[in-house]
Each structure stands twice: as structure tokens, then as C-alpha cells.
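Report on one structure; see the data block that follows.
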2 protein chains.
Amino acid sequence: MNIGDVAARSGLPPKTIRYYEEIGLVTPARGANGYRTFRDADVHKLAFLGRARALGFSIEDCRALLHLWEDQSRASAEVKEIAQHHLGEIERKIAGLQEMRATLSDLVRSCAGDDRPDCPILESLAQPK
Amino acid sequence: MNIGDVAARSGLPPKTIRYYEEIGLVTPARGANGYRTFRDADVHKLAFLGRARALGFSIEDCRALLHLWEDQSRASAEVKEIAQHHLGEIERKIAGLQEMRATLSDLVRSCAGDDRPDCPILESLAQPK
DNA sequence: CCTTGACCCTCCAGTGACTGGAAGGCTTAT
DNA sequence: ATAAGCCTTCCAGTCACTGGAGGGTCAAGG
């Protein structure tokens, strides 16, 4: 299977698939014409990667998860630890963004948003909080 | 004032301040020895930038906000629009992360995390959802 | 057989917002 | 005189791609 078909099946753009090859996440075979030739296993790997990335796992997390996936005898604890760590990071990000949202929505609410120049948003940014 | 003092007062690292000069957000004077010499106005600008960045505004948003801040006659509506747009982005990010968190925390909860190899996390990533 | 269009290839550069480090100059205190 | 601690510039790296240039390959239609 050529890269275009794989892209359609895995949902990843061809450029991303080439990039994943470059960094060693997949190693498709090559045809006589130099085209990448993907086997089913490669396609599965890429789909796996797409789903893991969609859950926000970093490339290095994905690499680790792929190894664990291919290791029949790994302990589920290893996987769980990566996932839990990542979950923690997501929760920290959410908390940070929620704080931003709270501050910013207060500011937006307090700003008239009309033709006059007085603006509590700028005033707050100017103020040493 | 030299860059180190400004860094201490504004909370921004010296490297970041130099970078902000490079991209034209501040333009400190220079002393005879080539050192950057910051005036109070520069320090205020940098503190403003620090607070805007802490609220997640992009550099280009910050540039626009700075201009509006220095424009005595701007309408507060202009500021409010930038802030509202950014607020929308924050809310979209929060929503995306919350979805990730939901999926991931389900997976983490369903994984025993012991010595055995069965792992619902990997199974789910492998499955064409 | 030739052309057209849709693929595919590699390589290089850019994104955002810094951050680290090398190599060197200046200042202040001992 | 020298050491520590500033400051300077410039270059490279981060993360995970993405865009584009320049060129090769393949299948279908005329």
C-alpha cells in the first residue's frame, strides 16, 4: 500500500507519516521505484499513533506505548503509569486554562466594549497585580 | 537600568527580554558600553507583556494590546474583541482537554496496573474506535 | 506513443516563543 | 591583578509537524 492510501486509512497526513518514519516510529518497506510500501502492521501502528496523539500523548510517550504494545509480556502497570502521568499533565493544563478563563472572563465582562477609551482589561494588564 | 534588574522587576528572564527587543516589542536605549538601558516606561511595558502572556495571549495579541494600550483614544471595543476571541480559544482548549481527560481517565480506571499483560489502555488504542 | 494529472520522492525552511550555550567584553571588589 | 558576575552577540535546539521547490513515476485517455 502506498502512502496516500495509508494516509486515508489512518487519518494521518502523508507528511506526518514520513516524519514518523524519519524519527523511527514506523519502518515501511520500499518498492523498486523507491515508494514506501506499507504492510498491514504498519497501518495498524500508524492508526495506533494517531489515536494516542489525539489523546495528547507526546511523541516520546507514543514511542514508549508502541514498544509496550508490541511487548507481549509487559506489565499493564507500565502502561498505566505513562497514562496516569499524562493524565496529570492534562489536569494541570486544564487547571491553568480555567484560571486564565476566570480572570479573562471577569475582565471581558467588566469592559463596556463601546466607543469610549476606558478599558478595564488594559487597566488590569497595566496594574502590578 | 540594566537587563538583570529589569528581569527581576518584570519577572521575565533576560533572554526573553532580549527576544522581545528582537521582535520589536520593546526598544530600550543603549549605554556607551553597549548595554541596554531600560527606562521606567520599558519596564512597565515588559510587566504588561508578562501579565498578558500569563493570560495566554499570543505574542501578536500582545503586540496589538500594547498598541491599544498606548493609544489614548482607542475604543474599548477593540480591546474587548481581542480578549473575547482569546477567551473563545481558551474555552475550546479546555473543552478539548476535558474530552481527553474523560477518555483517558476511563482508560486508566479500567486498567489493573499490575504485573499481568492485559491492558485495556493499549487495547483501546489498538482498536479502530 | 504522448501527454496529462495524480501520485510519489528528497531536501530545506519555517512555525511559536523561547532557551541553552559558546565566546568574548565590561565592572566592581578584593 | 584577578576573580566573579554582569553584559554582549550569534548560533543551535526545542516540539511536532507543515509548506514548498524540484524532480521522478504511473495509469488513463487521445
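Reminder, nothing fancy here: chain letters follow the sequence lines and each chain counts from 1.
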Student check: side-chain heavy atoms of [X] and [Y] closer than 4.5 Å:
X	Y	value
B/Leu25	B/Tyr19	no
A/Phe38	A/Asp5	no
B/Arg36	B/Arg18	yes
A/Val6	A/Asp42	no

For this session: Walk along DNA chain D from 5' to 3' and tell me the first and last nucleotide with an atom closer than 4.0 Å to a non-hydrogen atom of chain A.
Result: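 Nucleotide range with atoms under 4.0 Å of chain A: D/dA16 to D/dC26.
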For this session: Return the set of residues passing side-chain hydrogen bond (donor to acceptor under 3.5 Å, both in side chains) with A/Ser76 (not counting sequence neighbours), or none when no residue passes.
Result: B/Asp114
Exercise. To the nearest 10 degrees, how far apart in direction are the end axes of the helix from C/dC1-D/dG30 to C/dT30-D/dA1, each fit to five base pairs?
Worked result: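 That helix gives 30° between its end axes.
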Exercise. At under 4.0 Å, does any side-chain N or O of A/Arg36 touch on OP1 or OP2 of C/dC8?
Worked result: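 Result: no.
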Exercise. Nucleotide by nucleotide, 5' to 3', does protein get under 4.0 Å of the base (B), only the sugar-phosphate (S), or neither (-) in nucleotides 13-20 of chain C, counting heavy atoms?
Worked result: ----BBSB
Exercise. Tell me, for nucleotides 23-30 of chain C in 5' to 3' order, what letter each nucleotide earns: B for a base near a protein heavy atom under 4.0 Å, S for only sugar-phosphate near one, - for neither?
Worked result: --BBS---
For this session: Using the side-chain contact (heavy atoms from CB on, under 4.5 Å) rule, pick out the option among B/Ser124, B/Pro120, B/Ser105 that qualifies with B/Ser110.
Result: B/Pro120
For this session: Without swapping roles, check the side chain of A/Arg51 against the backbone of B/Ala126 for a donor-acceptor pair under 3.5 Å.
Result: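 Yes.
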For this session: Taking B/Arg53 for its side chain and B/Phe57 for its backbone only, find out whether a donor-acceptor pair lies under 3.5 Å.
Result: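 Yes, the answer is positive, given that a donor and an acceptor are paired below the 3.5 Å cut-off.
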Exercise. Hey, does A/Ile3 reach any base, or is it just sugar-phosphate, or nothing, if we go heavy atoms under 4.0 Å?
Worked result: sugar-phosphate
Problem set entry | Sugar-phosphate only, base, or nothing, as touched by B/Arg18 at under 4.0 Å among non-hydrogen atoms |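 The answer is base, as B/Arg18 lies within the cut-off (heavy atoms under 4.0 Å) of a base atom.
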Exercise. Is A/Tyr35 reachable from A/Leu12 through a run of hydrophobic residues whose side-chain heavy atoms are each under 4.5 Å from the next?
Worked result: no
Exercise. According to the salt bridge (charged side-chain N to carboxylate O under 4.0 Å, His left out) rule, which pairs have a member within residues 89-108 of chain B, sequence neighbours left out?
Worked result: B/Asp106-B/Arg109
